[in-house]
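A short worksheet on the structure shown next.
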Amino acid sequence: MNTLKGIISYHTEEYGQIIVKLSSVMDSRGITRNRLRTLIGSRYEVVDRYYQGQKIEMVDLDFLARVCYVLDCRVEDLLEYQGPEGPEKPEMPEESEKPE
């Protein structure tokens with residue numbers, strides 16, 4: 001049986017974070033935030049927030065789908081998991097196995 005790790009009592013530096021790479025994808029295609037806003041039908045503020053990769057607590061899957069369609073890219077091109085930093089990863093308690 002697979003073991004699962006709980007994250008209730010951990011901080012971002014202990015379990016990692018998701019990095020938004022929209023800026024690098026847009027820059028590589030030579031598209032501006034204003035042009036993307038027009039093409040996907042979204043507000044500039046929303047595109048700018050994803051472009052800067054700041055203040056994003058919940059990802060809008062519809063937004064990502066529209067961006068992927070317009071930029072002809074994959075979700076993996078826009079989002080990247082960055083694990084915990086440092087040489088030692090903290091020990092995380094494993095969920096106890098329950099009898100079936």
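Residue indices begin at 1 and follow the sequence shown. The figures here come from the full heavy-atom set of this structure, side chains too, leaving out hydrogens, waters and symmetry mates.
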For side-chain contact (heavy atoms from CB on, under 4.5 Å), just list the numbers for R66 and S42, CA-CA rounded to whole Å, side-chain angles, deciding distance to a tenth of an Å, and then say yes or no.
-> CA-CA 9 Å; R66 289 183 282 146; S42 188; 4.1 Å; yes
For Y44, look at atom OH and say whether over 12 heavy atoms of other residues, nucleotides or ligands are found less than 6.0 Å away.
-> yes
Does some side-chain heavy atom of L36 sit less than 4.5 Å from a side-chain heavy atom of M26?
-> yes
Between Y51 and the options V46, D27, V20, the side-chain contact (heavy atoms from CB on, under 4.5 Å) test singles out D27
Can you measure from CG (L64) to CG (L78) and round to the nearest 0.5 angstrom?
-> 6.0 Å
Nearest heavy-atom approach of R49 to Q54 is CG-O, 2.9 Å
With a cut-off of 6.0 Å (strictly less than), are more than 12 heavy atoms of other residues, nucleotides or ligands near CG of D62?
-> yes
Could you give the distance from CD1 (I18) to OH (Y81), rounded to the nearest 0.5 Å?
-> 7.5 Å
Kindly say whether L71 contributes a backbone atom to a donor-acceptor pair with the side chain of R29 at under 3.5 angstrom?
-> yes
Minimum heavy-atom distance between D77 and V25, given as atom pair plus value = O-CG2, 3.4 Å
Checking N34, T38, I40, L39 against V47 for side-chain contact (heavy atoms from CB on, under 4.5 Å), the one that qualifies is I40
Taking all atoms of both residues into account, what is the closest heavy-atom pair of C73 and V67, and its distance?
-> SG-O, 4.4 Å
For residues Q82 and I19, report the shortest heavy-atom separation together with the two atoms involved.
-> OE1-CD1, 3.5 Å
With D48, which of R33, R37, R43 fulfils side chain to side chain donor-acceptor pair (under 3.5 Å)?
-> R33
Contacts of F63 meeting ring-ring contact (aromatic ring centres under 6.0 Å, His included) (sequence neighbours excluded), chain-then-number -> Y50
